[in-house]
Amino acid sequence: MTDTPGAVAPLTLQDAMAARAQLGALVEGAVANVILMIEQTSGLLDFSRLRPTPRALPALNRVVQSAAKSYSTCELIGYAPAGLTAGRERMWIPVADVPMLRAIADSTTDPANMRLFNPSKSPLDELRLAAMRVPGGPVAAVFIQSLTDNQVLAQSSRIGMVVKRGVIDLPPKGDILLFSRNVDAVLVGEIAFFKDRPAFQRIFGYLHEMQEQAAATFQLVTGTLRIVGRAIMTGVVTSSPAMLGKMASIQRKLEKYPKYKAALTMSNLVKFIGSHPECGVDVRGIGDEAQLVFQNDPQHRFKILKLLDDDYLRSQLTEMDYEANSKGAPVVR
């Protein structure tokens, strides 16, 4: 239950597990619609649909059935901006967190009224994404894959031929679009699943969204701090997934814990650095002239961010201090 009337509780691992369970019913599912997407100059997606023929449907079904089988038995880990999956692991993220996925989910809910794709008006080489919608119980699943230039054979200078026993022939008239046997994301209700985090960020524009948020967060949290090399640091914190992960962690604390932002003052930070020199942050000057020094080398570039992310713990058992590589939400008493 949330404290704000009308607010929606954040999705949890249990929600993701429930969505994953629904994929188990689709291991023999059938594609109902194929939806194509073109990204307009405004950044918005333009949607149209295709009707699979009886000959094409089995091949499309094999793609979604294979993905449903793989994802329904996967090990779930939450999205992390710099995280990687291994083996049977798949990441999950709320659809609402990724604007492009939200638009896809909303627009594919009722594709029956969507216009049919016409290659004479919308050239195939402008296509950005394809989605296959599979109904199954109360929630349909949408299997999405990226489309690249080399998947449109109509633009090739080569001639595609069909080779059978003793025969070479032209394929039926029409442009050829190559679908992948793999998918880049699966949407089930309010949950999105995917395997390749870097590709996911690139395909769905999520890295750009994170960079914009990171820049805003950095300005908010350091606006009153004195930092030598601030301009360089501003560019660095938005340039790598690992840095973006730190900024996302800081943003979550800012939103949830008011006293967190209040604690990030120059006097508090300088005092902490003085009593914990092992944190590795250099300070130039003293008193009201003190400045944090940003050093853009691999050994030091994370030091100030770790400080701002409060990456330090004290053991109540041994009273020893630790640098935490990761930690859960604060325990509020």
Side-chain angles (χ1 to χ4, degrees), residues 78-84 97 99 197-198 201-202 205-316 318-332:
Y79 169 78
L84 296 173
D97 287 0
R197 186 268 309 161
Q201 292 173 328
R202 172 180 52 81
Y206 196 49
L207 192 61
H208 178 68
E209 297 283 340
M210 292 178 61
Q211 289 171 329
E212 290 186 341
Q213 181 62 67
T217 299
F218 182 75
Q219 177 59 38
L220 176 64
V221 80
T222 66
T224 60
L225 303 182
R226 297 183 295 275
I227 301 176
V228 177
R230 177 192 295 274
I232 297 174
M233 187 177 179
T234 300
V236 169
V237 299
T238 61
S239 63
S240 76
M243 290 284 191
L244 293 173
K246 277 293 174 194
M247 295 308 301
S249 175
I250 292 170
Q251 178 62 31
R252 287 192 293 270
K253 294 187 182 74
L254 291 174
E255 294 172 350
K256 194 169 184 180
Y257 308 105
K259 67 178 183 179
Y260 175 77
K261 173 65 170 67
L264 297 180
T265 64
M266 277 300 301
S267 59
N268 283 350
L269 294 174
V270 170
K271 180 180 178 181
F272 180 87
I273 295 168
S275 58
H276 298 81
E278 68 277 5
C279 73
V281 178
D282 286 346
V283 177
R284 180 182 300 174
I286 59 174
D288 292 341
E289 302 299 319
Q291 297 175 292
L292 309 181
V293 180
F294 174 70
Q295 301 177 73
N296 190 22
D297 61 273
Q299 185 178 352
H300 295 93
R301 65 169 59 109
F302 273 92
K303 297 299 185 181
I304 293 179
L305 273 191
K306 283 180 173 289
L307 184 63
L308 297 178
D309 197 24
D310 198 22
D311 271 353
Y312 302 93
L313 302 174
R314 171 172 285 267
S315 168
Q316 294 185 2
T318 64
E319 295 189 350
M320 295 176 67
D321 295 322
Y322 295 88
E323 180 177 316
N325 292 323
S326 63
K327 56 185 183 294
V331 177
V332 180

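Position 1 is the first residue of the sequence; numbering continues from there. Because only heavy atoms are used, hydrogens play no part in the values below, and waters and symmetry mates are left out as well, while side chains stay in.
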(message) Which residue is it: K253, R252, Q251? I am looking for the one with a side-chain hydrogen bond (donor to acceptor under 3.5 Å, both in side chains) to E255.
(response) Q251
(request) Kindly compute the distance separating CG (L220) from NZ (K261), expressed to the nearest 0.5 Å. (result) 5.5 Å
(message) If we check side-chain contact (heavy atoms from CB on, under 4.5 Å) with I250, which of these qualifies: V237, D309, D310?
(response) D309
(message) Can you tell me how far apart CD (Q211) and CG (L244) are? Round to the nearest 0.5 Å.
(response) 6.0 Å
(message) Within the 4.5 Å heavy-atom criterion, are L292 and M266 side-chain neighbours or not?
(response) yes
(message) Please find the pair of heavy atoms, one from M210 and one from Q201, that lie closest to each other, and give the distance.
(response) SD-NE2, 3.9 Å
(request) For Q219, enumerate each residue passing the side-chain hydrogen bond (donor to acceptor under 3.5 Å, both in side chains) test, keeping only those at least two apart in sequence or located in another chain. (result) none
(request) Check whether more than 12 heavy atoms from other residues, nucleotides or ligands sit under 6.0 Å from atom NE2 of H208, and answer yes or no. (result) no
(message) For F294, is there any backbone N or O sitting under 3.5 Å from a side-chain donor or acceptor partner on R230?
(response) no
(message) Once side-chain hydrogen bond (donor to acceptor under 3.5 Å, both in side chains) is applied, do any residues pair with T238, and if so which ones, sequence neighbours excluded?
(response) none
(request) Could you tell me whether a side-chain N or O of N268 sits under 3.5 Å from a main-chain N or O of A263, the two making a donor and an acceptor? (result) yes
(message) If I compare all heavy atoms of D282 with all of Q295, which pair ends up nearest, and what's the gap?
(response) OD2-NE2, 2.9 Å
(request) Starting at CE of M247, measure out to CD of Q213 and round the result to the nearest 0.5 Å. (result) 8.5 Å
(request) Answer yes or no: does atom CD1 of I232 have more than 12 heavy-atom neighbours from other residues, nucleotides or ligands under 6.0 Å? (result) no
(request) Report yes if some heavy atom in the side chain of L308 is under 4.5 Å from a heavy atom in the side chain of L269; otherwise report no. (result) yes
(request) Measure across L307 and F272 and return the closest heavy-atom pair with its distance rounded to 0.1 Å. (result) CD1-CD2, 3.5 Å
(message) Would the distance check show the side chain of R226 and the main-chain N or O of A290 forming a donor-acceptor pair, the cut-off being under 3.5 Å?
(response) yes
(request) Determine the minimum heavy-atom distance between M243 and L305, stating which atoms define it. (result) SD-CD1, 3.2 Å
